[in-house]
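Heads up, the thing below is written out as structure tokens.
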Amino acid sequence: MFGIPGKQAVTITPKAAAQITKLMGSAGHAGLRIGIKKGGCAGMEYTMEYVDAADPNDEVVNQDGACVMIAPMAQMFLFGTEIDYETTLLESGFKFNNPNVTEACGCGESIKFDEALAVK
């Protein structure tokens with residue numbers, strides 16, 4: 001919807017693709033939908049949910065066996081994002097390297113976008 005012809009909306013690292021593929025296989029779902037909602041101390045939060053089928057307006061990204069669907073209202077916020085999966089001594093989880101983020105809270109759970117992109 002907000003893409004550039006011939007360029008995927010998001011990229012998925014091999015670690016993230018492996019984790020998404022593992023989750024989809026164990027849960028029996030078609031993919032993972034990523035979205036954005038208002039909330040958190042910086043104003044916006046990422047959402048992730050299992051889905052059995054893409055919505056007709058989802059942007060679908062298939063990479064290395066992983067299927068990610070981007071909800072329509074999140075597409076302009078996520079364009080150009082790299083989705084990674086990190087494991088540290090204390091935690092593991094998906095990390096969004098998003099060039100559209102202007103601020104993030106100290107805990108890393110919520111983000112803020114340029115006012116031009118902000119949902120009114």
Side-chain angles (χ1 to χ4, degrees):
M1 184 176 232
F2 289 95
I4 296 173
K7 182 174 167 97
Q8 290 191 139
V10 299
T11 57
I12 306 166
T13 66
K15 286 182 184 178
Q19 184 64 22
I20 292 168
T21 303
K22 179 180 171 184
L23 289 171
M24 297 307 94
S26 66
H29 296 288
L32 190 65
R33 179 175 292 124
I34 299 172
I36 298 283
K37 70 176 185 175
K38 289 184 178 185
C41 46
M44 303 286 276
E45 297 175 320
Y46 294 110
T47 63
M48 298 177 83
E49 64 179 329
Y50 296 119
V51 291
D52 294 323
D55 182 276
N57 295 314
D58 284 347
E59 178 76 25
V60 179
V61 176
N62 289 296
Q63 187 176 325
D64 299 328
C67 182
V68 171
M69 297 146 200
I70 305 170
M73 294 301 292
Q75 291 172 12
M76 68 179 154
F77 295 105
L78 294 175
F79 189 78
T81 297
E82 176 192 66
I83 302 171
D84 195 9
Y85 188 81
E86 293 184 344
T87 301
T88 67
L89 186 60
L90 297 175
E91 64 184 4
S92 61
F94 290 100
K95 180 178 179 184
F96 295 84
N97 298 310
N98 188 334
N100 305 306
V101 170
T102 58
E103 293 179 36
C105 68
C107 66
E109 294 295 319
S110 69
I111 49 183
K112 183 176 180 182
F113 295 98
D114 186 320
E115 294 294 324
L117 293 176
V119 176
K120 304 287 182 201

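The chain is numbered in sequence order, starting from 1.
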Got a second to check how far [X]'s [atom1] is from [Y]'s [atom2], nearest 0.5 Å?
X	Y	atom1	atom2	result
T21	Q63	OG1	CD	10.0 Å
I36	M73	CD1	CE	11.0 Å
I12	I20	CD1	CD1	5.0 Å
I83	K95	CD1	NZ	13.5 Å

If you look at every heavy atom in [X] and [Y], which pair is closest and at what distance?
X	Y	value
M48	L32	CE-CD2, 3.2 Å
G28	D52	O-OD1, 4.1 Å
A30	A53	CB-N, 4.3 Å
A71	G35	CB-CA, 4.3 Å

- Task: Apply side chain to side chain contact (heavy atoms under 4.5 Å, CB included) to the pair N100 and L78, showing each step before the final yes or no.
- Result: CA-CA 7 Å; N100 305 306; L78 294 175; 5.9 Å; no
Is there side-chain contact between [X] and [Y], with heavy atoms separated by less than 4.5 Å?
X	Y	answer
V61	C67	no
Y50	L23	yes
F96	I34	yes

- Task: Just do the side chain to side chain contact (heavy atoms under 4.5 Å, CB included) check on K38 and M44 with the steps written out, would you?
- Result: CA-CA 4 Å; K38 289 184 178 185; M44 303 286 276; 4.0 Å; yes
Measure from the side-chain N and O atoms of [X] to the backbone N and O of [Y], and report whether any donor-acceptor pair falls under 3.5 Å.
X	Y	answer
Q75	I70	yes
E59	V10	no
N97	D84	no

- Message: Parallel, tilted or perpendicular, judged at 30° and 60°: which one describes the rings of Y85 and F94?
- Response: perpendicular
- Apply side chain to side chain contact (heavy atoms under 4.5 Å, CB included) to the pair M69 and D55, showing each step before the final yes or no. CA-CA 8 Å; M69 297 146 200; D55 182 276; over 6 Å; no
